[in-house]
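Contents: one structure, followed by commentary.
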Amino acid sequence: MPIRAYKHKHNINNGKIQIIKEILKEYRKTAKGIAKKQWHIFFKEGSFDKNYKVKEIKSKLSERYKQTCQYQVVSILNSYISNRQNDFVEIVYNSNLNEDIKFILLTINKTKSWFNEKLKEAKLKDKKGKEIKKLPIEKHHYKLARKIIKQTFKRNRFPSFKHISMQLDQKVVKIEKRKEEKAKEFDWWVKLSTLEKGKPIYLPVYKNSYFEEKEGKQLNFVQINEKEDNIEIVFFKEIPKETNYIPKTNKISIDIGLKSLFAVNTGHLYGKQFYKFLKHYDRIITDLQANLQKQGIKPKQSKRYKELNRKLREYIKNEINRILNRIFKIYQPKEIVVENLNFQNGELSPQLNRLLSRFGMKIIKQKLKEFEERFGIKITYVNPAYTSQVCSNCKYVDKRNRKTQEQFECLMCGKKINADVNSSRNIGTRSSSSMLRYKRRTVLRMLIRAYLSDAKHYAYNSRAREVILSNKYFIGYYEPLKITSKEKS
Ligand SMILES: [Zn+2]
């Protein structure tokens with residue numbers, strides 16, 4: 001269930017603010033000490049320990065506070081490590097190491113065993129879980145893995161705890177609703193433990209009507225942060241799903257198309273008038289701009305220009321919402337897979353393309369977020385790199401596959417399909433992978449490797465080998481192919 005954060009206004013007096021600032025100062029100092037200890041554990045054991053005995057950490061904070069702090073520190077450290085895991089994958093994919101070593105290194109990375117050397121074998125399994133390959137992991141593999149992960153550490157500083165907020169759970173904080181007869185003014189009292197044992201302070205907090213109205217379960221969890229001279233109080237709510245929603249389709253994938261606004265993997269196109277209309281608007285605005293420029297008037301000074309821009313935004317927003325609602329109604333999916341930011345159309349001005357990729361994408365994300373919260377639909381964003389050049393039928397990647405903006409024709413298997421529909425299908429198959437953060441070239445290498453590792457695509461077909469050998473993406477991957485050709489002849 002999604003958790004949402006809501007800022008709350010308060011009326012905490014200066015004396016209490018000073019007490020809170022003292023706690024925050026000590027909290028940050030303690031976090032730094034805990035992090036130091038946690039890194040020590042990490043380099044020895046290979047992972048952090050959120051239940052490490054906090055007694056050994058020197059601090060003015062109570063044991064309960066220290067434990068709360070430790071949870072927060074470990075979660076920050078874990079997210080740092082998972083980012084470095086991604087960096088590791090990129091380095092390995094873009095290296096000249098041989099395939100077996102790459103596979104071993106990626107296995108060490110995936111299981112986070114850089115430092116503990118627990119794993120003795122790297123096992124490659126196929127989709128059904130059947131073991132295909134087994135390679136022994138040796139000392140020098142671990143040594144290399146550590147060298148790589150340490151390199152990523154060097155490029156990205158360890159998290160600092162100098163400015164963190166306090167994320168406090170019920171060990172040290174309690175939210176109390178005002179009693180009917182008492183304290184008319186305030187709606188909430190936050191009972192907060194302080195540095196002095198047995199001397200909590202009570203913080204008066206106003207209600208936030210948006211928060212009150214939002215359906216869901218309030219969590220006994222408060223975030224407190226410094227904000228200039230004041231402090232900021234944040235409450236949390238767990239938003240429930242609409243329980244009577246029954247999906248009709250399992251998963252749909254959507255491509256943000258070039259000819260129509262959205263292409264769905266089923267082959268249907270939606271919002272066919274969208275770009276026509278935008279092009280029309282775009283021309284009027286660009287003409288007006290040129291005209292204004294001739295007269296030496298800045299566009300922002302023109303009422304007509306501003307009005308046109310407002311209308312354009314309104315149109316984009318309404319169309320996106322209308323069409324996404326329609327798609328949702330037709331398919332009623334359990335999951336929607338969509339590419340992350342790839343909103344551009346060669347026929348529109350750079351200005352409008354910018355507006356689309358910022359404003360348009362924001363509207364799409366908002367709408368999908370709403371589906372997620374209301375109906376519990378899973379929304380997955382995937383890396384858009386090369387989705388328009390890969391064949392959704394045989395997975396062959398080639399720039400020449402895209403005949404025109406509308407037509408896709410695979411040079412390898414000959415599949416002919418609407419180009420946007422082809423992209424949407426590729427987006428769908430990418431949904432389960434974790435490629436989101438990777439650079440374009442890394443994605444390309446992964447696609448090529450995946451294609452070549454399935455030898456049935458080309459091994460016994462000389463025409464297929466010719467096609468690959470003339471594809472510049474495959475430069476550097478030619479050697480095994482050439483050997484195969486010689487062996488055959
Ligand atoms: Zn194909």
Is Arg430 salt-bridged to Glu339, cutoff N-O under 4.0 Å?
no
Interatomic distance, Leu135 atom CG to Ile104 atom CD1 [nearest 0.5 angstrom]:
4.5 Å
Could you tell me whether Arg445 and Glu90 have a side-chain N and a carboxylate O separated by less than 4.0 Å?
no
Measure the spacing between NZ of Lys365 and CE of Met361 and express it to the nearest 0.5 Å.
5.0 Å
Give a yes or no answer on whether the side chain of Asn426 reaches the backbone of Val390 with a donor-acceptor pair at less than 3.5 Å.
yes
With no hydrogens and no angle check, is any side-chain donor or acceptor of His268 less than 3.5 Å from a backbone partner on Val421?
no
Measuring centre to centre across the rings, with the benzene-like ring taken for any Trp, is His10 within less than 6.0 Å of Tyr206?
no
Is Lys311 salt-bridged to Glu314, going by a charged N under 4.0 Å from an acidic O?
no
Apply salt bridge (Lys or Arg N to Asp or Glu O under 4.0 Å) to residues Lys53 and Glu56 and explain how you reach the verdict.
CA-CA 7 Å; Lys53 278 181 224 136; Glu56 289 184 25; 5.6 Å; no
Hey, does the side chain of Thr249 reach the backbone of Tyr331 with a donor-acceptor pair shorter than 3.5 angstrom?
yes
Looking at Glu26 and Ser59, what are the two nearest heavy atoms and their distance?
OE2-OG, 3.5 Å
Ion pair Lys279/Asp282, N-O distance below 4.0 Å:
no
What I'd like to find out is whether the side chain of Tyr381 reaches to under 4.5 Å of the side chain of Leu368, using heavy atoms alone.
yes
Under 4.0 Å between a side-chain nitrogen and a carboxylate oxygen: does that hold for Glu232 and Lys227?
yes
Does the ring centre of Phe48 sit less than 6.0 Å away from the ring centre of Trp39?
yes
Kindly determine whether Glu138 and Lys143 satisfy salt bridge (Lys or Arg N to Asp or Glu O under 4.0 Å), including the steps that lead there.
CA-CA 9 Å; Glu138 287 157 30; Lys143 222 171 146 186; over 6 Å; no
Closest non-hydrogen atom pair, Gln273 against Tyr315:
O-OH, 4.1 Å
Are the side chain of Asn383 and the backbone N or O of Tyr438 linked by a donor-acceptor pair below 3.5 Å?
yes
Spell out, as yes or no, whether a donor-acceptor pair under 3.5 Å connects the side chain of Asn265 to the backbone of Arg425.
no
Do Thr194 side-chain atoms and Pro200 backbone N/O form a donor-acceptor pair below 3.5 Å?
no
Taking Glu63 first and then Lys66, would you say they form a salt bridge - that is, a charged N and a carboxylate O separated by under 4.0 Å?
yes
Taking only distance into account, with no hydrogens and no angle test, what donor-acceptor pairs under 3.5 Å do side-chain atoms of residues 161-172 form with protein atoms, sequence neighbours excluded?
| from | atom 1 | to | atom 2 | distance (Å) |
| --- | --- | --- | --- | --- |
| Gln167 | NE2 | Gln223 | OE1 | 3.0 |
| Asp169 | OD1 | Thr68 | OG1 | 3.2 |
| Asp169 | OD1 | Lys171 | N | 3.1 |
| Asp169 | OD2 | Lys171 | NZ | 3.1 |

Flag the pair Tyr142 / Phe115 as yes when their ring centroid distance falls below 6.0 Å, and as no otherwise.
no
Please examine the side chains of Tyr270 and Val264, heavy atoms only from C-beta on, and report whether any two atoms are closer than 4.5 Å.
yes
Glu238/Arg4 salt bridge by N-O under 4.0 Å criterion:
no
Between Gln38 and Asp49, is there a donor-acceptor pair closer than 3.5 Å when you use the side chain of the first and the backbone of the second?
yes
Any carboxylate oxygen within less than 4.0 angstrom of a Lys/Arg side-chain nitrogen, looking at Glu319 and Arg322?
yes
Are Phe236 and Tyr6, when compared by the centres of their aromatic rings, separated by less than 6.0 Å?
no
With sequence neighbours left out, the residues meeting side-chain contact (heavy atoms from CB on, under 4.5 Å) with Glu22 are Leu195
Keeping the roles fixed (side chain from Tyr245, backbone from Gln332), state whether a donor-acceptor pair exists under 3.5 Å.
yes
Verify, without hydrogens or angle tests, whether Gln70 (side chain) and Tyr65 (backbone) share a donor-acceptor contact under 3.5 angstrom.
no
Lys16 side chain to Tyr202 backbone, donor-acceptor under 3.5 Å
yes
